[in-house]
Amino acid sequence: MIISLQLDSETPIYEQLRNQIVIGIATGQLEPGERLPTVRQLAEDLGINTMTVNKAYSLLKLEGYIVIDRRHGAKVSPRKTGGTGEQSSTMLVERLELIIAQATINGMERAQFDSLCDQIFARMKYSSKL
């Protein structure tokens, strides 16, 4: 998986890194059980601070996308089944509400938004099961 960071973006680097790993998992570029680079290695490869990678990995672990073991490092968590937890659903609703609000303010029609969502959803590896 290739990670590309926008250093001039207003989105913090740790959040960009987290987002790209989540998308990598959803699209199948990262498989359950697959090892991720060490914090030190990924920081070196991307030319960023180790604390930035550590923050992204900590967030991914907290959200359940990865597991971290001192002996084996970070790995992609097994795929979740049976939906999302209440806290995860609440966070998702909040993010979707903001995205839909931004699209609406920028003049996007419902049909255009739905079509865009369908296109993105189709790229996700597990979309046929969702």
Side-chain angles (χ1 to χ4, degrees):
M1 178 178 155
I2 297 173
I3 294 176
S4 175
L5 301 174
Q6 304 295 321
L7 302 178
D8 58 349
S9 171
E10 290 189 22
T11 303
I13 294 172
Y14 79 90
E15 194 173 323
Q16 291 181 49
L17 181 57
R18 174 247 178 233
N19 293 347
Q20 289 195 28
I21 291 172
V22 169
I23 291 170
I25 293 167
T27 58
Q29 294 175 12
L30 294 169
E31 295 288 337
E34 185 173 337
R35 291 181 79 172
L36 298 175
T38 65
V39 168
R40 190 179 317 266
Q41 183 63 54
L42 189 54
E44 186 178 309
D45 291 349
L46 297 173
I48 60 176
N49 191 296
T50 57
M51 294 303 292
T52 302
V53 176
N54 192 50
K55 188 170 184 177
Y57 276 17
S58 294
L59 186 56
L60 289 161
K61 178 183 176 188
L62 180 68
E63 295 171 334
Y65 294 111
I66 66 172
V67 292
I68 299 175
D69 180 306
R70 288 183 186 221
R71 293 179 295 160
H72 299 93
K75 292 182 182 179
V76 176
S77 291
R79 185 167 181 288
K80 297 178 182 179
T81 58
T84 61
E86 185 177 327
Q87 182 180 9
S88 191
S89 292
T90 300
M91 186 172 66
L92 182 60
V93 167
E94 290 172 0
R95 288 181 180 178
L96 279 171
E97 186 173 33
L98 178 59
I99 290 168
I100 293 168
Q102 291 171 325
T104 303
I105 289 169
N106 288 307
M108 185 176 282
E109 296 292 326
R110 170 78 184 258
Q112 185 182 5
F113 184 85
D114 289 346
S115 176
L116 186 60
C117 287
D118 287 343
Q119 291 171 28
I120 294 168
F121 207 76
R123 292 195 316 246
M124 300 301 134
K125 180 176 181 179
Y126 303 107
S127 65
S128 63
K129 297 179 184 176
L130 298 175

Legend entry - Non-hydrogen atoms of K61 and I68 that approach each other most closely: CD-CD1, 4.0 Å
Legend entry - Gap between atom CG of D45 and atom OG1 of T38 - 0.5 Å precision: 8.5 Å
Legend entry - Spacing of CD1 belonging to I48 relative to CG belonging to L7, to within rounding of 0.5 Å: 8.5 Å
Which side-chain N or O atoms in residues 105-113 pair as donor and acceptor under 3.5 Å with protein atoms at least two apart or in another chain?
residue, atom, partner, partner atom, Å
N106, ND2, Q102, O, 2.8
R110, NE, D114, OD1, 3.3
R110, NE, D114, OD2, 3.1

Legend entry - Minimum heavy-atom distance between R18 and L60, given as atom pair plus value: CG-CD2, 3.7 Å
Inset, instruction - Enter the distance from E44:CD to Q41:CD here, rounded to the nearest 0.5 Å. - result: 5.5 Å
Legend entry - Same apolar cluster: M51 and Y57, side chain cutoff 4.5 Å: no
Legend entry - Test side-chain contact (heavy atoms from CB on, under 4.5 Å) applied to S58 - qualifying residues, sequence neighbours left out: N54
Inset, instruction - Can you measure from CZ (R95) to CD1 (I99) and round to the nearest 0.5 angstrom? - result: 8.5 Å
Inset, instruction - Can you see which heavy atom on T50 is nearest to which on R40, and at what distance? - result: CG2-CA, 4.1 Å
Legend entry - side chain to side chain donor-acceptor pair (under 3.5 Å) partners for E34, two or more places apart: none
Inset, instruction - Supply the atom-to-atom distance I3 CD1 to N19 CG, rounded to the nearest 0.5 angstrom. - result: 11.0 Å
Inset, instruction - Kindly compute the distance separating CD1 (I23) from CD1 (I120), expressed to the nearest 0.5 Å. - result: 8.5 Å
Inset, instruction - Please name all residues satisfying side-chain contact (heavy atoms from CB on, under 4.5 Å) with T11, sequence neighbours left out, ordered by chain then number. - result: S9, E15, Q16
Inset, instruction - Identify, with sequence neighbours excluded, every residue that meets side chain to side chain donor-acceptor pair (under 3.5 Å) alongside N49. - result: none
Legend entry - side-chain contact (heavy atoms from CB on, under 4.5 Å) against K75, all qualifying residues, sequence neighbours excluded: R35, V67, H72
Legend entry - Passing option when L17 is tested against V22, L42, T52 for side chain to side chain contact (heavy atoms under 4.5 Å, CB included): L42
Inset, instruction - Work out which heavy atom in S77 is nearest to a heavy atom in G64; give both atom names and the distance. - result: OG-O, 3.0 Å
Legend entry - Verify same cluster id: Y14, M1 (apolar side-chain graph, 4.5 Å): no
Legend entry - Cluster check Y65, L59: I/L/V/M/F/W/Y, side chain < 4.5 angstrom: no
